[in-house]
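Here is how names work: the chains are called A, B, and so on, in the same order as the sequence lines, proteins then strands, and each is numbered from 1.
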There are 2 protein chains.
Amino acid sequence: MISLTEENYLKALFHLSAGQGGKREAGTSELAEHLSVKPASVHDMLKKLKEKKLVEYEKYGKISLTTSGRNRAVEVIRKHRLWETFLYDKLGFNWDEIHEVAEQLEHIRSAKLIERLDKFLGYPRVDPHGDVIPNARGEWPKQVRTALTEATVGQVYKVLAVQDNSPVFLQQVIKSGLKIGARIRLVDRSAFDGMMEISINRSRQAISREMGGCIFVTEC
Amino acid sequence: MISLTEENYLKALFHLSAGQGGKREAGTSELAEHLSVKPASVHDMLKKLKEKKLVEYEKYGKISLTTSGRNRAVEVIRKHRLWETFLYDKLGFNWDEIHEVAEQLEHIRSAKLIERLDKFLGYPRVDPHGDVIPNARGEWPKQVRTALTEATVGQVYKVLAVQDNSPVFLQQVIKSGLKIGARIRLVDRSAFDGMMEISINRSRQAISREMGGCIFVTEC
DNA sequence: TATATAATTTAGGTAAGCCTAAAAATTAAA
DNA sequence: TTTAATTTTTAGGCTTACCTAAATTATATA
Ligand SMILES: [Mn+2]
Ligand SMILES: [Mn+2]
Ligand SMILES: [Mn+2]
Ligand SMILES: [Mn+2]
């Protein structure tokens, strides 16, 4: 049996290291930061997760998920994104409200429930924030995504996804009129503060560096 | 903040004392039995719930819910029954599978979620087992229900509800062809073992005392 | 390379929910 | 009414998931 807390550690580890971006290995402090606990607590939990063969970890060494740990993490992420889709598509929740509730729903244990939910939603391939939903076997159609901060000035892009976990950010995106799937052109980026200007169906929009880091696009 | 465990204690107390049947006050051991914990654990929790003004309780005295405690219990029961309805009506779960999953879902915290779910389901008045769903203000349309074991031989009844928490019982009910809303006549009851015979659309069906105690009917 | 800074680990502690075993109070039986 | 059985409460412990403070190791800087 794997606890709700353990699931959250595995999910955090996945997002920090094995995740989409495929960043470097995460450290104790970074994990602690991400989970809003202290590094000492993370260390305790890592020992337990190692015991259970869900992570690989040596003292002062790097932390990584085992195949089993990764599978569990992906399962939780799949549930999270299906629930977000349910709340958005079926119950009419707003973009910025669904993540928090999905953080709870993702821990409900029932294989049948998630199967049936998937079917009920029509086997969606992305969640309302544009994030890919892994299938029942934990497979990802790996999408190539670039943060707007890394995009090339002059290029035309399609908005693929947005960061899902900050309501204030999402409210600002809603106000800006930007939507998943929108076609935009990166008009300019300031060398001073990273401030960007994009054109979206003929109108201009200012995007800060902070904002741009949370918006993911793909060339088109 | 009220924990998942505390919610389960309040719900158990409600079902044992303030509930539908409106039975006598529950004792420590009865509560313990119902929650599958030991009486000593119940005692610990009762002290905490008294602190929080959710139950009234004096040493060696009777246990009862405060208005606040009762309200919380009803809220959880409302959520439980709405989720059961969702699983049954929308996801096509079987009668005997929904209770267990609803035991988890009933603890999800989001006022908006439960409001929207209620609307999505079309404001159902009873759950799939025939139990009344309290409204958003915690009000019950109090239904008069008699266990089949207490019913009068010769009378015609309508099946109102069945006990929801035993999959094997529910599977047996499904096999017997008995459904919520069905019109039945209690043909006979043995003075020896309480065994009953009912007629349901012209066919005869044998019902044990154990079974009859879990089937609730109303005169019609 | 030596030293300062930062990250990690250890040690010792807390609160929630559970347990067993024993003591105390209540209730039922003789 | 006295004794026996049952129920409830107390005492002391355990596990999970946190914490702070101090020690240790690793990394960056001079
Ligand atoms: Mn999310
Ligand atoms: Mn979570
Ligand atoms: Mn139920
Ligand atoms: Mn419950």
Side-chain angles (χ1 to χ4, degrees), chain A residues 1-17 23-65 69 72-73 76 103-104 106-109, chain B residues 1-17 23-65 69 72-73 76 103-104 106-109:
Chain A
M1 241 314 104
I2 180 167
S3 74
L4 180 150
T5 310
E6 288 168 339
E7 286 188 346
N8 282 336
Y9 273 85
L10 294 178
K11 199 175 65 141
L13 262 168
F14 184 88
H15 280 135
L16 289 177
S17 36
K23 301 157 206 158
R24 77 282 114 187
E25 315 277 306
T28 308
S29 304
E30 200 181 350
L31 240 185
E33 174 74 32
H34 194 260
L35 288 162
S36 303
V37 296
K38 293 281 141 46
S41 308
V42 169
H43 185 256
D44 285 353
M45 182 59 87
L46 286 176
K47 282 193 296 191
K48 214 175 50 166
L49 292 175
K50 188 191 173 180
E51 272 301 309
K52 293 193 174 185
K53 299 195 190 307
L54 294 164
V55 306
E56 270 160 41
Y57 169 58
E58 293 305 330
K59 257 166 67 167
Y60 295 102
K62 284 306 171 192
I63 308 160
S64 62
L65 290 166
R72 302 309 301 259
V76 175
E103 282 291 302
Q104 298 178 62
E106 73 189 13
H107 301 291
I108 300 293
R109 266 164 242 278
Chain B
M1 242 311 107
I2 178 168
S3 74
L4 180 151
T5 309
E6 288 167 339
E7 287 188 346
N8 282 337
Y9 273 85
L10 296 177
K11 200 176 64 141
L13 262 169
F14 184 88
H15 280 136
L16 289 177
S17 35
K23 301 156 207 158
R24 79 282 112 184
E25 315 277 307
T28 308
S29 303
E30 200 182 350
L31 241 186
E33 173 74 32
H34 194 260
L35 288 162
S36 304
V37 296
K38 292 281 137 55
S41 308
V42 169
H43 185 256
D44 284 353
M45 182 57 88
L46 286 176
K47 282 193 295 192
K48 216 177 50 166
L49 293 175
K50 189 192 173 180
E51 272 301 308
K52 293 193 175 185
K53 298 196 192 304
L54 294 165
V55 306
E56 273 161 38
Y57 169 58
E58 293 306 329
K59 257 167 66 168
Y60 297 101
K62 284 306 170 194
I63 308 160
S64 62
L65 290 166
R72 302 309 301 261
V76 175
E103 282 292 302
Q104 298 178 60
E106 72 188 14
H107 301 291
I108 301 293
R109 267 164 242 279

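Within a 6.0 Å sphere centred on CD of A/E103, heavy atoms belonging to other residues, nucleotides or ligands number more than 12. Shown here is B/K53, whose NZ atom has no more than 12 heavy atoms of other residues, nucleotides or ligands within 6.0 Å. Other residues, nucleotides and ligands contribute over 12 non-hydrogen atoms within 6.0 Å of the CD atom of B/Q104.
To the nearest angstrom, P of D/dA11 lies 21 Å from NZ of B/K38. As a whole-Å value, the separation of A/K62 NZ from D/dT27 P is 8 Å. Distance B/N8 CG to C/dA16 C1': 15 Å, rounded to the nearest Å. Spacing between atom OH of A/Y60 and atom P of D/dT24 amounts to 9 Å, rounded to whole angstrom units. With rounding to whole Å, B/M1 atom CE is found 17 Å from C/dA15 atom C1'. Protein atom NZ of B/K47 is 6 Å distant from nucleotide atom P of D/dT10, rounded to whole Å. Here the P atom of nucleotide D/dT20 and the NE2 atom of A/H43 are 17 Å apart, to the nearest Å. Distance A/L4 CG to D/dT15 P: 21 Å, rounded to the nearest Å.
Phosphate proximity of C/dA16 to B/T5: absent, as no side-chain N or O sits under 4.0 Å from OP1 or OP2. Not one side-chain nitrogen or oxygen of A/K59 sits closer than 4.0 Å to the OP1 or OP2 atom of D/dT24. Regarding contacts with the backbone of C/dA16, every side-chain N or O of B/S3 stays at 4.0 angstrom or more from both OP1 and OP2. Within the 4.0 Å cut-off from OP1 or OP2 of D/dT8, at least one side-chain nitrogen or oxygen of B/S29 is found.
With the nearest nucleotide of DNA chain D identified for both A/A40 and A/E6, A/E6 has the one nearer the 5' end. Of the two residues near DNA chain D, A/S41 and B/E58, the one whose nearest nucleotide lies more 5' is B/E58.
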task = Begin from the C-alpha positions of B/E6 and B/R72 and carry the test salt bridge (Lys or Arg N to Asp or Glu O under 4.0 Å) through to its verdict.
result = CA-CA 10 Å; B/E6 288 167 339; B/R72 302 309 301 261; over 6 Å; no
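Checking C/dA7, C/dC18, D/dC18 against every side-chain atom of B/M45, the shortest atom distance belongs to C/dC18.
Side-chain atoms of B/K52 come within 3.5 Å of backbone atoms of B/M1 as a donor-acceptor pair (strictly under, hydrogens ignored).
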